[in-house]
Amino acid sequence: MTQGSETIQVDLPAHEPAQPLPPPSSPWLGRERLAGLSLIGLGLFALYASADLPFASESGVGSGLLPRALALILIALGFVQIAVTWSDKPESTGRWPVRDMLPVLIGVFLFAITIRGYQFGTFEIPALGMAVATPLATFLSGLAAKDMRIGELIVFSVILTVVCIGLFRYALGLSLPVAPWLIGY
């Protein structure tokens with residue numbers, strides 16, 4: 001008894017090589033140099049934001065020492081990043097995936113203004129607490145994922161909210177508002 005061999009043919013999609021990145025928009029500005037400039041900008045912002053904190057107090061180190069030290073380290077690392085890549089040909093920053101970044105940025109912004117409330121002149125956003133701000137930020141940030149499913153994202157947002165409230169409010173005892181519109185704190 002002879003058994004014949006069968007050939008199974010599987011059609012796989014052709015793998016195309018990645019397209020080369022376009023040249024940088026500026027002959028000086030490339031990916032690594034942009035990263036260095038970003039570190040410098042973040043460090044300068046941290047110096048500005050920590051300017052009101054005391055550098056030292058009667059008992060020793062003040063609350064402004066660590067933020068200023070970290071800001072100076074960021075600025076130094078930014079200059080190092082630029083200096084190391086100075087002789088290299090700048091690599092392009094490519095195309096920025098704005099569609100992927102926008103939901104995350106909006107989610108972080110809405111979290112910041114809804115957790116404790118915010119006032120823009122005559123327009124006031126009430127303090128909604130972690131019960132609203134956390135799932136809002138999680139859901140909006142999750143919209144950036146390409147393989148996102150709405151049902152899974154809602155479940156994840158609810159679970160993450162419960163974990164965050166339990167961890168930050170009750171386990172760590174931080175004074176973050178949970179739901180001031182509902183339970184008063």
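Numbering starts at 1 and runs along the sequence shown. Scope of the values below: all heavy atoms of this structure, side chains included, with no hydrogens, waters or symmetry mates.
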For the atom pair [atom1] ([X]) and [atom2] ([Y]), what is the distance rounded to the nearest 0.5 Å?
X	Y	atom1	atom2	value
Ile125	Ile113	CD1	CD1	3.5 Å
Leu44	Leu39	CG	CG	11.0 Å
Thr85	Arg33	OG1	CZ	5.0 Å
Leu66	Leu53	CG	CG	10.5 Å
Ile82	Leu77	CD1	CG	11.5 Å

Can any side-chain N or O of Arg68 pair as donor or acceptor with the backbone N or O of Ala51 at less than 3.5 Å?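 Here the side-chain-to-backbone pair exists.
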
Under 3.5 Å, side chain of Arg169 to main-chain N/O of Leu176, donor-acceptor pair present?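 Flag set: sc Arg169 to bb Leu176 pair under 3.5 Å.
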
Any side-chain heavy atom of [X] sitting closer than 4.5 Å to one from [Y]?
X	Y	result
Phe111	Thr134	yes
Ile150	Phe139	yes
Leu47	Leu72	yes
Gln81	Leu37	no
Met130	Ile115	yes

ILVMFWY network linking [X] to [Y], side-chain heavy atoms under 4.5 angstrom:
X	Y	result
Ile106	Phe109	yes
Ile40	Phe45	no
Leu136	Leu102	yes
Leu160	Ile165	no
Leu110	Tyr118	yes

So which atom in Pro67 and which in Ser50 form the shortest heavy-atom distance, rounded to 0.1 Å?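 Taking every non-hydrogen atom into account, CB-CB, 3.8 Å.
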
List the steps and the verdict of side chain to side chain contact (heavy atoms under 4.5 Å, CB included) for Leu140 and Leu143. CA-CA 5 Å; Leu140 285 174; Leu143 293 176; 4.0 Å; yes

Please determine whether the number of non-hydrogen atoms from other residues, nucleotides or ligands lying under 6.0 Å from atom OH of Tyr48 exceeds 12.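 No - once you tally the heavy atoms of other residues, nucleotides and ligands closer than 6.0 Å, there are 12 at most.
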
All salt bridge (charged side-chain N to carboxylate O under 4.0 Å, His left out) counterparts of Arg149, not counting sequence neighbours: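 Checked Arg149 against salt bridge (charged side-chain N to carboxylate O under 4.0 Å, His left out); matches are Glu152.
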
Please state whether the rings of Phe120 and Phe123 are parallel, tilted or perpendicular, taking 30° and 60° as the class boundaries.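 Correct class here is parallel.
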
